[in-house]
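Here the structure comes first, spelled out in structure tokens, and everything after it is commentary.
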Protein chains: 2
Amino acid sequence: MRPGFSPDIFPPRGHEAKRLSIVDAAAGVFCREGFAGANIDLISAEAGVSRQTVYNHHGDKEKLFMAVVRDLTERCNVGIFATIATFPDQPGDLEADLIGFAVRLNQNCICNRDGKFLRKLIQTEGERYPELFAEWREQGPGRTWPAIAARFARLAYGGHLTIDDPDVAARQFLGLANAELQTIFMLGGTPSEDEVLQSATNGVRTFLRAFGKRPSPSSVKKHTALANA
Amino acid sequence: MRPGFSPDIFPPRGHEAKRLSIVDAAAGVFCREGFAGANIDLISAEAGVSRQTVYNHHGDKEKLFMAVVRDLTERCNVGIFATIATFPDQPGDLEADLIGFAVRLNQNCICNRDGKFLRKLIQTEGERYPELFAEWREQGPGRTWPAIAARFARLAYGGHLTIDDPDVAARQFLGLANAELQTIFMLGGTPSEDEVLQSATNGVRTFLRAFGKRPSPSSVKKHTALANA
DNA sequence: GACGATTTAGACAAGAGTGTCTAAATTTGT
DNA sequence: ACAAATTTAGACACTCTTGTCTAAATCGTC
């Protein structure tokens, strides 16, 4: 590292790129093989890097694993909050808007590479690293659920929904939207776009049957018109 | 084994008991450590058996793993069908009866030892043994979901519910009943009785808001009476 | 108590993986 | 093109695990 000059940015340029490709490859291998089954030779090969470089960057296997989980958590959080920002606060067609939101949440946060990997690592190794996953819990669900619940609360306050407990409603919303994807998730598969849309559509319809306002005359007219179009 | 007599029952008595204790211990260790991380010495120690006995019974690690999954699948299926048999076909108080059913399903099939273990093994190692888990899918979800859906269809036919698609309704029922337990399941934890009851209660209420018949005058009277009691 | 079958403890070879080290090759900034 | 830092390949010691083997101990049954 440079003698006495700007010691804060020691790694030049390709350095950081290699760090990323290592973490990326490691994520894939840890997910496929589990922590114990993952081997550093395979990770380095998949990252296109020598084994020694992996050790230079991350010290040992356990530290590498931690880095993977932290990276995934952070990237997933960014995606989730970006998606929450698209929540329909002033809905035009509430049903269509909520279906769109549910589909975006699935495609951008749950079914994408990062989401799948993070979920699997939590399920697989969660019990082995209590502090690490406690941190995930605070940073992840602990911040995203209230954010989603707040959006539903606003929708209720605006008169678009009839909700007792926004927290419960938020969890039930996702439970319904993903009701038909559970078996696929369980086996680590990725549902097709159609499957996501189908599940979200059925889920949102049920959600609105339970929490939607009884259709006012005008909206009935509108829906009927659409159905006949 | 006995010279020329009844060659079908070679293992005497304690033999089968040991086989069971090995499979039991193996289930626990495979779940905690993953397939690669599980070690036969630990399994044999936990089963109270010598390592050689494990090999005598199951040949090798992979065959042992298969035996574990098959055993768990079979035991879980028994539990699930036993619980489905308690589905309220002629409900008195529909809400209470469905909550009871949801709680039983959780406690006897999903949150119990076998259910937890099987779920974790499927999530963790499902991709590594496609045929094995294809078998599970047919024997498990492939048979239980239609059975549950049929019960909801009967309830709808009997005029207790308004359902378009019984298969969708069945999946949404479980999705709602477990909506509040997802984070706990994800980390491999076991929800408390209270948490199960709470989630089931909220889930069933929402389910009935969506699919229940509008309360008839008599049932309103009844519920009001109960509420005031 | 005696017999056959099962289980046990321990040693063993073979293989795989981690983490370290070194010297040579390569990349990077100037 | 130079100098410093980084990366690389390969060898290495060490540990752990699997699966086999053997001889002694134990169990169940007659």
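Computed over heavy atoms, backbone and side chain alike; hydrogens, waters and symmetry mates excluded.
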What residues 32-45 of chain A contributes to the DNA chain C interface at heavy-atom separation below 4.0 Å is Ala38(A), Asn39(A), Ile40(A)

Just by distance, with hydrogens left out, do Thr86(B) and Arg104(B) show a side-chain donor and acceptor under 3.5 Å apart?
-> yes

Rounding to a whole Å, what distance do you find between Glu16(B):CD and dT7(C):P?
-> 11 Å

Test salt bridge (Lys or Arg N to Asp or Glu O under 4.0 Å) applied to Glu127(B) - qualifying residues, sequence neighbours left out = Lys120(A)

Any chance the rings of Phe87(A) and Phe152(A) have centres within less than 6.0 Å?
-> yes

Does the ring center of Phe65(A) lie less than 6.0 Å from the ring center of Tyr129(A)?
-> yes

If you measure only the distance, is there a donor-acceptor pair under 3.5 Å linking the side chains of Asn56(A) and Gln52(A)?
-> yes

Side chains of Ser50(B) and Thr53(B), donor plus acceptor under 3.5 Å = yes

Which whole-number value in Å describes the distance from Lys63(A) NZ to dG19(C) P?
-> 9 Å

Whole-Å gap separating P (dT20(C)) and CG (Asp60(A)) | 8 Å

Could you check how far NZ of Lys61(A) sits from P of dT15(D), rounded to whole Å?
-> 18 Å

Would you please confirm or rule out a distance under 4.0 Å between OP1 or OP2 of dT7(C) and any side-chain N or O of His57(B)?
-> yes

Round to the nearest Å and state the distance from Phe65(B) atom CZ to dT18(D) atom P.
-> 14 Å

Hey, are Gln139(B) and Thr73(B) close enough side-chain-wise for a donor-acceptor pair under 3.5 Å?
-> no

What pairs of nitrogen or oxygen atoms, one from the protein and one from nucleotides 8-11 of chain C, lie under 3.5 Å apart?
{"residue": "dT8(C)", "atom": "OP2", "partner": "Ser50(B)", "partner atom": "N", "Å": "3.0"}
{"residue": "dT8(C)", "atom": "OP2", "partner": "Thr53(B)", "partner atom": "OG1", "Å": "2.6"}
{"residue": "dA11(C)", "atom": "N6", "partner": "Arg51(B)", "partner atom": "NH2", "Å": "3.0"}

Between Phe30(B) and Phe117(B), does the ring centroid distance fall short of 6.0 Å?
-> no

For Tyr55(B) and dC12(C), give me the distance from atom OH to atom P, rounded to whole Å.
-> 18 Å

